[in-house]
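This report refers to the structure that appears directly beneath it.
Quick note on labels: first sequence line is chain A, next is B, and so on, each numbered from 1. The structure presented is a predicted model; accordingly, all values stated were derived computationally and were not measured.
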2 protein chains.
Amino acid sequence: MDLAEALEKIMSGLSSGRTIIVVGSMHAHYAGRSTSWLAEGDRLLIIKSDKSILIHRPTGYEPVNWQPPGVVINAQITEEGLVLECSRKSPPEILRIVITEVYSAESYRLVDNGEFIIHAREEDMKAAIINSPDIVEPGLRIVETERRIGDEYIDILAVDSSGQIVIIEIKRKRATRRDVEQIVDYATQVEKELGRKPRKILVAPSISKEAASLSMVLRVEYKCFSPRLAYEILSKKKGLDRFL
Amino acid sequence: MDLAEALEKIMSGLSSGRTIIVVGSMHAHYAGRSTSWLAEGDRLLIIKSDKSILIHRPTGYEPVNWQPPGVVINAQITEEGLVLECSRKSPPEILRIVITEVYSAESYRLVDNGEFIIHAREEDMKAAIINSPDIVEPGLRIVETERRIGDEYIDILAVDSSGQIVIIEIKRKRATRRDVEQIVDYATQVEKELGRKPRKILVAPSISKEAASLSMVLRVEYKCFSPRLAYEILSKKKGLDRFL
DNA sequence: GCCTAGGTCCCGTAT
DNA sequence: ATACGGGGCCTAGGC
């Protein structure tokens, strides 16, 4: 396909809100949050209906260059080739794509209202614990979730059977040294605000060796719990709820 | 295009290491690190030559479902439609895609050896500081970079004009409270290992208000420096080097 | 706009 | 395999 024809496909696709797919040889230059040059090669260029842009190489999960939704696109043919200038104001950045050869250029009116449901996330762990605080510790009572202290958010604030405040930080993956530091920071903020030293419990499916030893020093407790288990508990409960 | 024809395109593309692009209506189920269901809708399916898989909706930067490179793909036609089972062992996960209608299915032999160069990253800031430590502070001498203490890495270890050890942590973006905690942690480790309290300098283009106040408390110093400036300094130096 | 925090983050790198 | 840290991370939510 020649460049003029491809430009026509792109322009009409852009104006009608279609998703555009161009396969061809191109190079690109990005300037903004960083600066990059991509030399000539065969790639897949996707321009979505919300004006998000992706340049994909033939390997790898990630696009090599891109723009998030909402850019302004200027397309024209110059002596260099089919030039697409994709820019936005905030942050100030521009992606300049030069297509020199087009193997295919098509646009599609895609209708996608399909629901997307995802589970076994940190959110499910939180829900399971709120529903059954005993998962963390018998006698625990939930006080507040997503409590904001300063600019920070504490996953769960609770009170234990002896009346002591408990901070709970949930992680869906193995807890790291950083996670331990995070909950200690929260505890410092809570103590400043409420005037009492809280207990600190890190809930995660596992904990790294270094994080475990740091948690000893900083008096952070660890409770094993996984997103998968949380999801199973919630599913069962939901299943039962149907019969109640 | 009918499903059988699309299957044929996919199979031949897979066996010849081509990049496959399917536009059509599909639904998908993922089970592994999390669990998700994507209901029927029009999407773009990409199977790259390294067997990375992407399902893109008509909007948004991110794929809604995906698999990183290296999955095993099983494709067949069932009563549900064209079913692709993409699985891997570690971590154990599977993405099952059911294509019910195909608008387009093509494969391309993409040749991409183009170099990709990126600048104005943290790495450039580090290089500029190593080259001219005065950027951080007059009289500073670099001792070591990427020093490993335990499992952690310290960006730059230096000595100031009075002979005191200095830890430098570089951030390409505005420094946060977490960044301050990180360098304090490094300092603790350094003190344990070397027996002397180091100075702590956070180098970043800016610092959040909360991070600034925390840095006062924890005796972390802040030095303003940006990836863009670092890149400009390095470019000039390189330009000069050509004439020396 | 800033700030926080999650993510099937991905990715490189070192042990 | 685990662990750590960067990324133009992106995205959502709050202020």
Side-chain angles (χ1 to χ4, degrees), chain A residues 30-36 52-54 60-69 88-95 118-123 125-126 146 148-155 169-179 182 185-186 206-211 227-228, chain B residues 28-36 52-55 60-69 71 86 88-95 118-126 146 148-155 169-179 182 185-186 206-211 227-228:
Chain A
Y30 164 80
R33 288 169 285 175
S34 79
T35 300
S36 72
S52 45
I53 315 238
L54 303 166
Y61 163 86
E62 293 180 326
V64 59
N65 279 124
W66 72 91
Q67 285 285 47
R88 57 176 185 159
K89 286 273 172 53
S90 176
E93 54 185 359
I94 183 165
L95 174 60
I118 185 160
H119 279 293
R121 307 179 95 174
E122 191 189 295
E123 195 185 330
M125 295 173 72
K126 200 190 297 175
E146 292 296 312
R148 188 178 174 142
I149 301 227
D151 277 327
E152 305 183 300
Y153 299 83
I154 294 163
D155 281 341
E169 175 60 30
I170 303 167
K171 293 294 166 189
R172 72 180 305 283
K173 296 206 294 192
R174 180 176 277 244
T176 68
R177 181 181 271 267
R178 293 284 156 269
D179 300 331
Q182 188 184 13
D185 184 30
Y186 292 169
S206 60
I207 184 163
S208 79
K209 222 179 160 184
E210 285 294 305
R228 181 150 300 280
Chain B
H29 171 52
Y30 164 78
R33 288 168 287 174
S34 80
T35 300
S36 73
S52 43
I53 317 250
L54 303 166
I55 300 178
Y61 163 87
E62 292 182 326
V64 60
N65 279 123
W66 73 91
Q67 284 285 50
V71 297
C86 317
R88 57 176 185 156
K89 286 272 172 56
S90 174
E93 53 186 358
I94 183 163
L95 173 60
I118 186 162
H119 279 293
R121 307 179 93 173
E122 190 187 294
E123 195 185 331
D124 288 319
M125 295 174 72
K126 199 189 298 175
E146 293 295 310
R148 187 180 177 141
I149 301 227
D151 276 326
E152 304 182 301
Y153 298 84
I154 295 164
D155 282 341
E169 175 61 31
I170 304 167
K171 293 294 167 188
R172 71 180 307 283
K173 296 207 292 191
R174 180 178 276 247
T176 67
R177 182 180 270 267
R178 294 284 157 266
D179 299 332
Q182 187 184 13
D185 184 30
Y186 292 169
S206 60
I207 184 163
S208 80
K209 223 181 157 183
E210 285 295 303
R228 181 151 299 279

Answer yes or no: is there a donor N or O on one side and an acceptor on the other, between the side chain of A:R172 and the main chain of B:R33, under 3.5 Å? yes
By nearest-nucleotide position on DNA chain C, the 5'-leaning member of B:P68 and B:S208 is B:S208
On the nucleotide D:dA3, are OP1 or OP2 found under 4.0 Å from the side-chain N or O atoms that B:R148 carries? no
Value in whole Å for how far the C1' atom of D:dG5 lies from CG of B:D155: 9 Å
Under 4.0 Å between a side-chain nitrogen and a carboxylate oxygen: does that hold for A:K209 and B:D151? no
Nearest whole Å is fine: how far is D:dC9 C1' from A:L54 CG? 13 Å
Which is true for B:S90 with a 4.0 Å heavy-atom rule: it touches a base, it touches only sugar-phosphate, or it touches nothing? sugar-phosphate
Phosphate contact (C:dA5 OP1 or OP2) by B:R178 side-chain N/O below 4.0 Å: yes
What is the separation between atom CG on B:D179 and atom P on C:dA5, rounded to the nearest whole Å? 12 Å
To the side chain of A:Y61, which of D:dT11, C:dC11, C:dG6 is closest? C:dC11
May I ask you to verify whether the side chain of A:D151 and the base of D:dG14 hold a donor-acceptor pair under 3.5 Å? no
A:K126 has an atom NZ; how far is it from atom P of C:dG6, in whole Å? 8 Å
Along DNA chain D (nearest heavy atom to each residue), the more 5'-positioned of A:A175 and A:Y153: A:A175
Give the rounded distance in Å between these two atoms: CD1 of A:I118 and P of D:dA12. 13 Å
Start at the 5' end of DNA chain D and walk down; is the nucleotide closest to A:I207 or to A:G32 reached first? A:I207
Distance between C1' atoms of C:dG7 and D:dG6 (Å, rounded): 15 Å
Nearest 0.5 Å please: distance from the CE atom of A:M125 over to the NZ atom of A:K171. 10.0 Å
Is there a side-chain contact between B:R121 and the phosphate of D:dG8, meaning an N or O under 4.0 Å from OP1 or OP2? yes
What's the closest nucleotide to the side chain of B:R177 if the choices are C:dG6, D:dC9, C:dT4? C:dT4
B:L95 or A:E152: which one's nearest nucleotide on DNA chain C is closer to the 5' end? A:E152
For B:R174 and C:dT4, is the shortest distance between a side-chain N/O and OP1 or OP2 below 4.0 Å? no
Closest nucleotide among D:dC4, D:dC10, D:dG6 to the A:T176 side chain: D:dC4
Quick one: does A:R228's side chain have a donor or acceptor within less than 3.5 Å of a partner on B:G32's backbone? yes
Can you see if the side chain of B:R172 gets near the phosphate of D:dG6 - specifically, an N or O under 4.0 Å from OP1 or OP2? no
Under 4.0 Å between any heavy atoms, over every strand shown, what does B:E146 touch: base, sugar-phosphate, or nothing? Just pick one. nothing
Please check if the number of heavy atoms outside A:E123 that lie under 6.0 Å from its CD is greater than 12. no
Rounding to 0.5 Å, atoms CD1 (A:I149) and CG (A:D185) come to a distance of 10.5 Å
C:dT8 phosphate, OP1 or OP2, under 4.0 Å from B:S36 side-chain N/O: no
Within the structure shown, what part of the strands sits under 4.0 Å from B:P69 by heavy-atom distance: base, sugar-phosphate, or nothing? sugar-phosphate
As an exercise, state the distance from CZ of A:R178 to CD of A:E210, rounded to the nearest 0.5 Å. 11.0 Å
A:R228 side chain N/O closer than 4.0 Å to the phosphate oxygens (OP1, OP2) of C:dT8? no
Does the ring of A:W66 lie flat against the base of D:dG8, closer than 5.5 Å centre to centre with planes under 30°? yes
Find the distance between NZ (B:K126) and CG (B:D155) and round it off to the nearest 0.5 Å. 5.0 Å
When rounded to the nearest Å, what value does the distance between P atoms of C:dT8 and C:dT4 take? 22 Å
Base D:dG8 paired with A:Q67 side chain (donor-acceptor, <3.5 Å): yes
What distance, rounded to whole Å, do you find between the two P atoms, one in D:dC4 and one in D:dG8? 22 Å
Is there a donor N/O on one and an acceptor N/O on the other, under 3.5 Å, for the side chain of B:E122 and the base of D:dG6? no
In terms of side-chain heavy atoms of B:S34, which of C:dA5, C:dT8, C:dA14 is nearest? C:dT8
Nearest-Å distance, NZ (A:K171) to P (C:dA5)? 8 Å
Nucleotide D:dG7, atom P - distance to CE of B:M125 in whole Å: 10 Å
Ring-base stacking, B:Y30 with C:dT8 (5.5 Å, 30° cut-offs): yes
Under 4.0 Å: is that the gap between some side-chain N or O of A:K173 and OP1 or OP2 of C:dC9? yes
Whole Å only: how far is the CD1 atom of A:I154 from the P atom of D:dG14? 16 Å
So what's D:dG8 paired with, Watson-Crick or G-U wobble, going by both distances under 3.5 Å? none
